[in-house]
Amino acid sequence: MEFQAEVNRLMDIIINSLYSNREIFIRELISNASDALDKIRFESLKDKDAVGQVPLEIRIKYDQDAKTLTISDTGVGMSKDDLVKNLGTVAKSGTTDFVEKAASGTDSLSLIGQFGVGFYSVYLVSDEVTVV
């Protein structure tokens with residue numbers, strides 16, 4: 001699925017304003033996986049069968065030959081519409097709010113994780129990103 005994100009603009013924002021350390025992407029992706037686990041834990045409060053027999057976990061797999069890193073979780077994911085809404089449109093990701101805060105001179109480290117731009121940090125180190 002192709003997103004409508006203004007990736008070039010977003011990458012400039014991320015590179016120059018927020019992520020001076022390229023390895024930060026891994027923390028951001030693990031944080032997103034953790035959020036998915038929190039979401040299913042919350043749903044299990046209303047529906048005891050939401051979790052089932054599947055252990056709640058985050059898995060990280062590195063394939064040296066393919067030069068890929070896979071981060072997966074057993075939490076609640078997003079629908080196709082959610083992906084487009086939350087990842088595919090810069091304005092919906094909180095980037096506009098982030099730009100305003102960054103422009104105001106706020107310490108960039110304190111902005112990490114607040115505006116939904118963490119996912120995009122993966123583009124600092126990737127040629128291709130697949131969200132399943």
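Please read these numbers as outputs of a predicted model, since none were measured by experiment. For reference, positions follow the sequence shown, starting with 1.
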Does any part of the side chain of Lys61, heavy atoms only, come nearer than 4.5 Å to the side chain of Thr68, both counted from C-beta? no
Here the pair of heavy atoms bringing Asp73 nearest to Ala36 is OD1-CB, 3.5 Å
According to a 4.5 Å side-chain heavy-atom criterion applied to Ile, Leu, Val, Met, Phe, Trp and Tyr, with indirect links allowed, do Ile60 and Tyr62 form part of one hydrophobic cluster? yes
In Å and rounded to the nearest 0.5 Å, what is the CD1 to CG distance from Ile30 to Asp35? 12.0 Å
Interatomic distance, CZ@Arg59 vs OG1@Thr74, rounded to 0.5 Å, equals 6.0 Å
How long is the gap from CD1 on Ile58 to CD1 on Ile71, to the nearest 0.5 Å? 8.5 Å
I need the Leu37 CG to Lys39 NZ distance, nearest 0.5 Å. 12.0 Å
Closest contact, heavy atoms only, Asp63 versus Ala66: OD1-N, 3.0 Å
Taking Ser44 for the side chain and Ala50 for the main chain, is one N or O donor matched with an acceptor at less than 3.5 Å? no
Side chains of Phe25 and Val129: closer than 4.5 Å at any heavy-atom pair? no
Can you get from Phe42 to Ile40 by hopping between Ile, Leu, Val, Met, Phe, Trp and Tyr side chains that sit under 4.5 Å apart? no
Pair Leu69, Leu29 - check side-chain contact (heavy atoms from CB on, under 4.5 Å), show working. CA-CA 11 Å; Leu69 180 67; Leu29 295 179; 5.9 Å; no
